[in-house]
Amino acid sequence: MYDYDLLVVGSANADLVIGVERRPGAGETVLGSDLAVHPGGKGANQAVAAARLGARTALLARVGDDAYGRLLLDSQRAAGVDTVGVLVGGAPTGVALITVDPSGDNSIVVSPGANGRLMPQDVRAAASLFQASRVVSAQLEIPLETVVEVVRSLADGSRFVLNPSPPRPLPAEVLAACDPLIVNEHEAKVILGDSAVGETPEDWARILLAKGPRSVVVTLGAEGALVASAAGVTRVLSVKVDAVDTTGAGDAFTAALAFKLGTGSSLADAAAYAARVGAAAVTKEGAQESFPTAAEVEAPCCADPGGDPRTPGRGSDSASGASSQGGSQ
């Protein structure tokens with residue numbers, strides 16, 4: 001019997017956001033809006049998203065002994081995430097400095113802070129969490145050597161889900177454990193490298209699969225997603241919604257897919273559910289505050305498969321399967 005449906009190993013950041021009329025050039029100062037501070041980081045986002053859906057969720061991460069660290073811990077606990085694995089100290093909490101112009105374009109500078117101090121020995125010290133978790137999810141906003149140790153720490157019978165963001169080449173040991181590897185178009189091309197041949201997502205998925213993962217999910221924004229395994233390649237339809245803000249929706253997609261896989265859903269069914277979760281998330285502003293409950297996912301607004309290819313959505317923070325009538329990233 002597993003104590004947790006999902007263990008998320010990853011980053012926790014404070015997002016500091018300022019609206020500007022235009023981004024400053026070198027040596028220039030511009031005035032902006034009031035500073036807004038939000039809990040973020042791909043690991044923390046995934047944990048909150050899964051817990052909102054009803055998953056018994058734990059987070060293994062590191063934050064600083066500071067106000068931002070307390071903000072992140074509070075947001076996790078409020079969502080129902082078990083924070084027994086969240087380590088405190090060693091460096092300031094990770095921070096993302098974000099400026100957003102009127103068109104919605106942003107510039108981001110990230111200070112990894114404590115995220116960069118989540119080390120392999122921290123993973124080994126959390127062995128009991130791995131033994132108690134049905135599915136383990138990770139990203140690449142923590143050191144790659146730590147992700148390798150996550151793979152080595154998996155319990156027999158547990159499943160490993162990886163969203164390689166920000167993307168980088170992956171060792172064979174990590175690729176072989178992925179079930180699935182979840183990538184968008186940009187991430188797929190980085191990981192494929194010189195192997196990036198073919199023009200269609202189906203081509204990318206098949207080549208990625210040949211590199212070792214047990215399964216692959218390629219997210220395609222408004223065009224939906226596709227899943228690939230030894231059984232073949234299957235398309236997952238998008239969900240038509242009025243998008244307001246795509247921030248963090250890709251994290252919601254990954255968390256939902258990982259949770260559903262742990263309940264015994266097929267990869268295609270889990271991806272279809274994740275598309276509805278991502279679609280619900282883009283109908284609200286913000287990241288963690290936009291993540292839906294299970295009841296909200298089943299609401300009529302998120303149950304209409306279809307597509308509107310006019311809407312962008314292939315970025316790492318965009319929801320796969322979420323199309324829009326008038327919204328944009």
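All residue numbers in this chain count up from 1 along the given sequence. These figures come from a predicted structure and were not determined experimentally.
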So, do [X] and [Y] sit near enough that their side-chain heavy atoms are less than 4.5 Å apart?
X      : Y      : value
Ser229 : Val216 : no
Pro201 : Leu220 : yes
Val86  : Leu73  : yes
Phe160 : Val147 : yes
Leu170 : Pro164 : yes
Tyr68  : Leu16  : yes
Val183 : Thr219 : no
Ser265 : Tyr273 : no

Between [Y] and [X], is the closest basic N to carboxylate O distance under 4.0 Å?
X      : Y      : answer
Asp5   : Arg56  : yes
Asp122 : Arg62  : yes
Glu185 : Lys189 : yes
Arg52  : Glu289 : no

[X] and [Y]: which non-hydrogen atoms are nearest, and at how many Å?
X      : Y      : value
Val236 : Ala271 : CG2-CB, 3.9 Å
Ser75  : Pro39  : OG-CB, 3.6 Å
Gly40  : Ala44  : O-CB, 3.4 Å
Ala114 : Gly64  : CB-N, 3.9 Å
Pro213 : Lys211 : CD-C, 3.5 Å
Asp15  : Ala96  : OD1-CB, 3.5 Å

Salt bridge (charged side-chain N to carboxylate O under 4.0 Å, His left out) partners for Arg168, two or more places apart: none

Listed partners of Glu21 passing salt bridge (charged side-chain N to carboxylate O under 4.0 Å, His left out), at least two apart: none

Enter the distance from [X]:[atom1] to [Y]:[atom2] here, rounded to the nearest 0.5 Å.
X      : Y      : atom1 : atom2 : answer
His38  : Ile98  : NE2   : CD1   : 8.0 Å
Ser215 : Leu209 : OG    : CG    : 7.5 Å
Thr146 : Leu140 : OG1   : CG    : 10.5 Å
Asn13  : Glu141 : CG    : CD    : 6.0 Å
Arg235 : Leu226 : CZ    : CG    : 5.5 Å
Glu187 : Leu162 : CD    : CG    : 9.5 Å

Hey, is the main chain of [Y] close enough, under 3.5 Å, to the side chain of [X] for a donor-acceptor pair?
X      : Y      : answer
Asp74  : Leu71  : no
Ser11  : Lys42  : yes
Gln46  : Gly43  : no
Ser266 : Asp269 : yes
Asn163 : Ile182 : yes

Linked, directly or transitively: [X] and [Y] (ILVMFWY side chains, under 4.5 Å):
X      : Y      : answer
Val95  : Leu87  : no
Leu118 : Val148 : yes
Leu144 : Ile142 : yes

Under 4.5 Å side-chain linkage, directly or through intermediates, the cluster mates of Val190: none

Connected hydrophobic set around Val48, excluding itself, where side chains approach under 4.5 Å: Phe291

Pair Val84-Leu129, side chain to side chain contact (heavy atoms under 4.5 Å, CB included): steps then yes or no: CA-CA 9 Å; Val84 66; Leu129 283 177; 3.9 Å; yes

Any donor-acceptor N or O pair under 3.5 Å, side chains Ser165, Gln139: no

Test item: side-chain donor near acceptor, Thr99 and Arg23, under 3.5 Å: no

Test log, rule side chain to side chain contact (heavy atoms under 4.5 Å, CB included), inputs Ile18 and Val100: CA-CA 6 Å; Ile18 300 177; Val100 184; over 6 Å; no

Sole residue of Leu59, Leu154, Leu60, Thr57 in side-chain contact (heavy atoms from CB on, under 4.5 Å) with Leu7: Leu60

Salt bridge (charged side-chain N to carboxylate O under 4.0 Å, His left out): pairs with one or both residues in residues 147-166, sequence neighbours excluded: Arg124-Glu149, Arg152-Glu173, Arg159-Asp179

Stepwise side-chain hydrogen bond (donor to acceptor under 3.5 Å, both in side chains) test for Asp66 and Thr93: CA-CA 7 Å; Asp66 50 36; Thr93 300; 2.6 Å; yes

Derivation of the side chain to side chain contact (heavy atoms under 4.5 Å, CB included) call for Arg276 and Glu296: CA-CA 10 Å; Arg276 295 200 298 274; Glu296 289 171 331; over 6 Å; no

Stepwise side chain to side chain contact (heavy atoms under 4.5 Å, CB included) test for Val297 and Leu53: CA-CA 9 Å; Val297 175; Leu53 295 171; 3.8 Å; yes

Enclosure of Leu31 CG (heavy-atom neighbours >12, cutoff 6.0 Å): no

Solution key, residues 253-263 side-chain donor-acceptor pairs under 3.5 Å, sequence neighbours excluded:
{"residue": "Thr254", "atom": "OG1", "partner": "Gly250", "partner atom": "O", "Å": "3.3"}
{"residue": "Thr263", "atom": "OG1", "partner": "Lys260", "partner atom": "O", "Å": "2.7"}

